[in-house]
Structures are given as C-alpha cells and as structure tokens.
Amino acid sequence: MNIDFKDKKALVRVDFNVPLNDQYEITDDTRIQAALPTIRHILDNGGSAILMSHLGRPGKKLNADGTINREKYTLQHLVGYLSNALDTSVVFSTQTVGSRSVILADELKPGEILLLENTRFEPGEKTGDKDFARRLAALADVYVNDAFGTAHRAHASTTTVADFFDADKKTFGFLMESELKNAQRVLNTPGRPLTAIIGGAKVSDKILLLEKLIELADNIIIGGGMAYTFLRAQGGQTGQSLVEEDKITLAGELLKQAKASNTQLLLPYDSVIADAFSEDAKKDTVPSHEIPDGWMGLDIGPKARVAFAEVIAASKTILWNGPMGVFEMPSFAEGTKNIALAVAKATSKGAFSLVGGGDSVAAVKQMKLADEVSYVSTGGGAMLELLEGKTLPGVAAIQG
Ligand code: AMP
C-alpha cells in the first residue's frame, strides 16, 4: 500500500460477507480476519478508516411486502466483533450514504473507524451507479480496495468509486495484493511441473479455466462429479453419476486439446460408487468406466488416489480448485482428504500450492490443513476468473 495515511480518511472496501447464525453471530470470521491487517495499517499510520461491505444478498431475499430485510442483513451485527478484534470503538452509520454518514465521516478522527451500512441496501451498488459511487467517494480522501471476493463484480463500491480518486489516492489493500501476487505466481512464473487439480460438481462452471490450464499446466487432474462427463466422452459407462449430457462433446474436445498441447490429463481410474446420493447408501469400488446402472460415482477410488498423489508429489507448483468427491459426506470424503494430504506433503518438500475456490477451501479447512499449503484464497468466483486470465473490474479500476 503506497499511500501515506497520516490524517487521511480512507474509504476501504472490505469483504465482510460472513455467515451468521439465527442469533446473528458470526460463524466463520475468515473474511474479517483477512481484512484486519489493512485496517490496522491505516490506523497505525495516523489515518482513519471508513469501512464498507455487502452482507448477503438482501436484494434477492426480500420481505413478504417486497422491502429489504434490514434486520437480517444489517452490518450492525458485526460492530461488536470488529471493535473487539481491533481493540477500538467502531461507529456505525445506519446509512450507506446520506446526511448522517456525511456527518459521521466528518467527525472521524485519526485512529477511528466508521462502518457504513450494507452497500447492497442501495439499488445503485450492483448497477455500478455513478451518483452512488460519487457520494461514497465524497466521504473520504483516499480509496483502498481490499475486497478480493467481490473484485470480479463491477459494482459501485468495488469499481465505479475508484474513478473519483486520482491514481495516487487509490490502492489495493494487503489482502488484494497477496491474492493477486499468488495467482500471478501460478500464471506467470510457475515452477514446473505445474499440476492443476480440478474437481467439483460441473464441467460447465470450469470450461474457461480448463481451456486456460490446457495451455498452461503440465498435468491436469480431474476428479469430482465433473470427471464423469469426461469419462462418458471416452465411451465409459457412468451409471447414474453426475453427467452433463450437453457437455460430453466439449469434454471430448478438451481431451483432444490436452493431447495436442502435451498436457497430461488424468481421470480417476476407479471410483467409490453408491446406489443413492446418501451417506447410508450401499457402496462399492469399481473402475470408473464401468459404473453399473443404478449406481453413481461419488468419490475417486483408492487406485486413483495413489496415481494422483504420485503426480502431486513430483510437482513444483500445485493449483487446487474443487473437491474430488462429495466430501460433505464422510463416506465420500476420503479422496479429497488424500489429495489434501498429498498437496500438504508436496508443499512441505518445497512445492508452491494455491488452493482457490469455495469448496476446496472448505475441504482444506475441514481437514485442518489450511496452514500446510502455501496459500488459501479468500475469493471463489474472483480467483476462478483471475486464473481464467480475465482482468477483474475491481483490479482494473485501481490499476487504471
Ligand atoms: P463446485 O462448487 O463446482 O466446486 O462443486 C462442489 C460440489 O461438488 C460439492 O458440494 C461436492 O459435494 C460436489 N461433488 C463432488 N464430487 C461429486 C460427485 N462425484 N457427484 C456429485 N457431486 C459431487
């Protein structure tokens, strides 16, 4: 962060979109924790911070009368947690913009924090409205974007607002800097071999990523539900496994592209199958090409785990996005667990590993291995788009 914050009011876009329980208590504070170093830095350097974030999807889950459920989605729920975490009082503005927030921002002194109400209470947020962005910008002297999780959205508080600050008055926060640096390390200067482990439910969500990786990676390991669309493209019998019928041809094309680019694309040799999508279903292990009717593949099998772990062990850079099976059910979590352990082991031997994308991050955390990989991204969709090679609007707005 190359800004001198002394006596400056910094408008900071953070990602405080944390899960809350019925009592409105924070159940996972990862995103807030990730933003604290930037906030502390601003305060320690003699500045004050005006924090803004969205929380949930208030526009999608309206009250019965069509109004916004302010009680559920107010950022006021975070005030107690924040003042504890930062050991200072946090002033809350019940408005995002308006006369009240202007007064509170004016009164703010160095070392103090003002938290604005949920940016998504304002209709102009998601449309990237200029007038809303101008009113936000008018509250502060400088702008800091540390909300990596929403950097792929061209919203008013993540993108448009930056237009109202000169180049030397806007910057990324520490979290944004490290997310970008780690993604760029994989994309631009990977130690080789570079192995991408791609899993999760659907091929359709990851087509662009796979196309990019075919150009970039030495090995692509494919697991999870999406593997079965590829197995079908090879002529396999996949029973009732999750297959996207309309993506079978595309999967065949991707297999060909990988071959032409000399990228080794590995599919699971065997699968743990079940006769229902349930923890209590009957289970068996069979070659992935021979899944009988009435059965579905819900995890990679033991032979696949060994083969994948060998490739991971020989890698110098590892990118992991998406679980290898239905890891939420203990019966089908072994594959994901083994891959997490293999990634941690390769990291301990000097490989650089980046875990990005919601569910693989959840898996690594569930297995208490988050500290044993090189970097765990806080942004699901944003990291995916960055790795696809896209320029994120929130990043472009700062870089100009
Ligand atoms: P994604 O959001 O695309 O990364 O997908 C994550 C989801 O994929 C998780 O909820 C997993 O339970 C699910 N998943 C992984 N493997 C399978 C599979 N073999 N069949 C069905 N769902 C799967």
Side-chain angles (χ1 to χ4, degrees), residues 19 149 152 196-210 212-213 220-233 236-245 247-248 250-251 254 266-305 308 319-340 343 354-367 376-388:
H152 57 317
I197 308 160
I198 309 296
K202 290 181 174 172
V203 185
S204 48
D205 294 339
K206 305 209 173 145
I207 297 169
L208 292 175
L209 178 65
L210 287 167
K212 173 83 188 175
L213 290 172
I220 303 177
I221 290 172
I222 295 191
M226 61 189 283
Y228 300 99
T229 303
F230 284 91
L231 289 155
R232 272 286 285 285
Q237 279 179 28
T238 52
Q240 265 53 59
S241 305
L242 186 68
V243 169
E244 287 172 277
E245 297 287 339
K247 293 289 176 290
I248 295 174
L250 172 89
L254 291 172
L266 294 98
L267 294 168
Y269 171 79
D270 55 353
S271 290
V272 176
I273 59 170
D275 65 353
F277 190 83
S278 154
E279 169 68 14
D280 311 319
K282 225 195 292 166
K283 288 181 279 282
D284 200 355
T285 299
V286 298
S288 300
H289 280 101
E290 295 169 19
I291 300 178
D293 275 349
W295 292 74
M296 61 190 85
L298 295 184
D299 195 8
I300 56 172
K303 287 189 178 138
R305 290 171 209 163
F308 290 178
L319 166 68
W320 183 13
N321 177 300
M324 296 289 99
V326 185
F327 76 102
E328 298 94 333
M329 300 184 202
S331 295
F332 311 107
E334 275 309 299
T336 303
K337 207 185 254 177
N338 274 252
I339 295 310
V343 174
L354 187 158
V355 183
D359 270 326
S360 36
V361 171
V364 164
K365 281 191 188 159
Q366 189 181 305
M367 287 152 203
V376 178
S377 174
T378 58
M383 182 49 85
L384 204 59
E385 291 198 17
L386 201 55
L387 294 170
E388 286 167 0

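As the structure lists them, so they are numbered: ligands from 1, and atoms in each ligand from 1. This is a predicted model, so every value here is computed, not measured.
Ion pairing of R305 with D299 is present here, as a side-chain N (NZ or NE/NH1/NH2) and a carboxylate O approach within less than 4.0 Å.
Closest approach of G322 to S360, counting heavy atoms only: N-OG, 2.9 Å. Across all their heavy atoms, L267 and F230 have their closest contact at CD2-CB, 3.6 Å. Contact between I291 and S241 at its shortest, heavy atoms only, is CD1-OG, 3.6 Å. M226 and I222 make their closest contact through CG-CG2, 4.0 Å (heavy atoms, listed as atom of the first residue, atom of the second, distance).
At a heavy-atom cutoff of 4.0 Å, ligand 1 is contacted by no atom of M226, backbone or side chain. At a heavy-atom cutoff of 4.0 Å, ligand 1 is contacted by the side chain of K206 but not by its backbone.
Protein heavy atom closest to atom 22 (N) of ligand 1, with residue, atom name and distance, is V326 CG2, 3.7 Å. Counting only heavy atoms of the protein, atom 15 (C) of ligand 1 lies nearest to G325 O, 3.1 Å.
Checking only distances, F327 never comes within under 3.5 Å of ligand 1, N or O to N or O. Some N or O of E328 is nearer than 3.5 Å to an N or O of ligand 1, by distance alone. For the pair G225 and ligand 1, the shortest N or O to N or O distance falls below 3.5 Å.
For atom 13 (C) of ligand 1, the choice among A201, G199, S204 with the nearest heavy atom turns out to be A201. For atom 6 (C) of ligand 1, the nearest non-hydrogen atom from the set V272, D359, L298, V361 comes from D359.
By the neighbour-count criterion of 12 heavy atoms within 6.0 Å, atom NZ of K283 is densely surrounded, having more than that number from other residues, nucleotides or ligands. Atom NZ of K303 is surrounded by 12 or fewer heavy atoms from other residues, nucleotides or ligands within 6.0 Å.
Not one N or O on the side chain of K206 forms a donor-acceptor pair closer than 3.5 Å with the backbone of L384.
Counting atoms of ligand 1 from 1 in the listed order, those under 4.0 Å from a heavy atom of G200 are 1 (P), 3 (O), 4 (O), 5 (O), 6 (C), 8 (O). The atoms of ligand 1 that sit less than 4.0 Å from any heavy atom of G297 are 18 (C), 19 (N), 20 (N).
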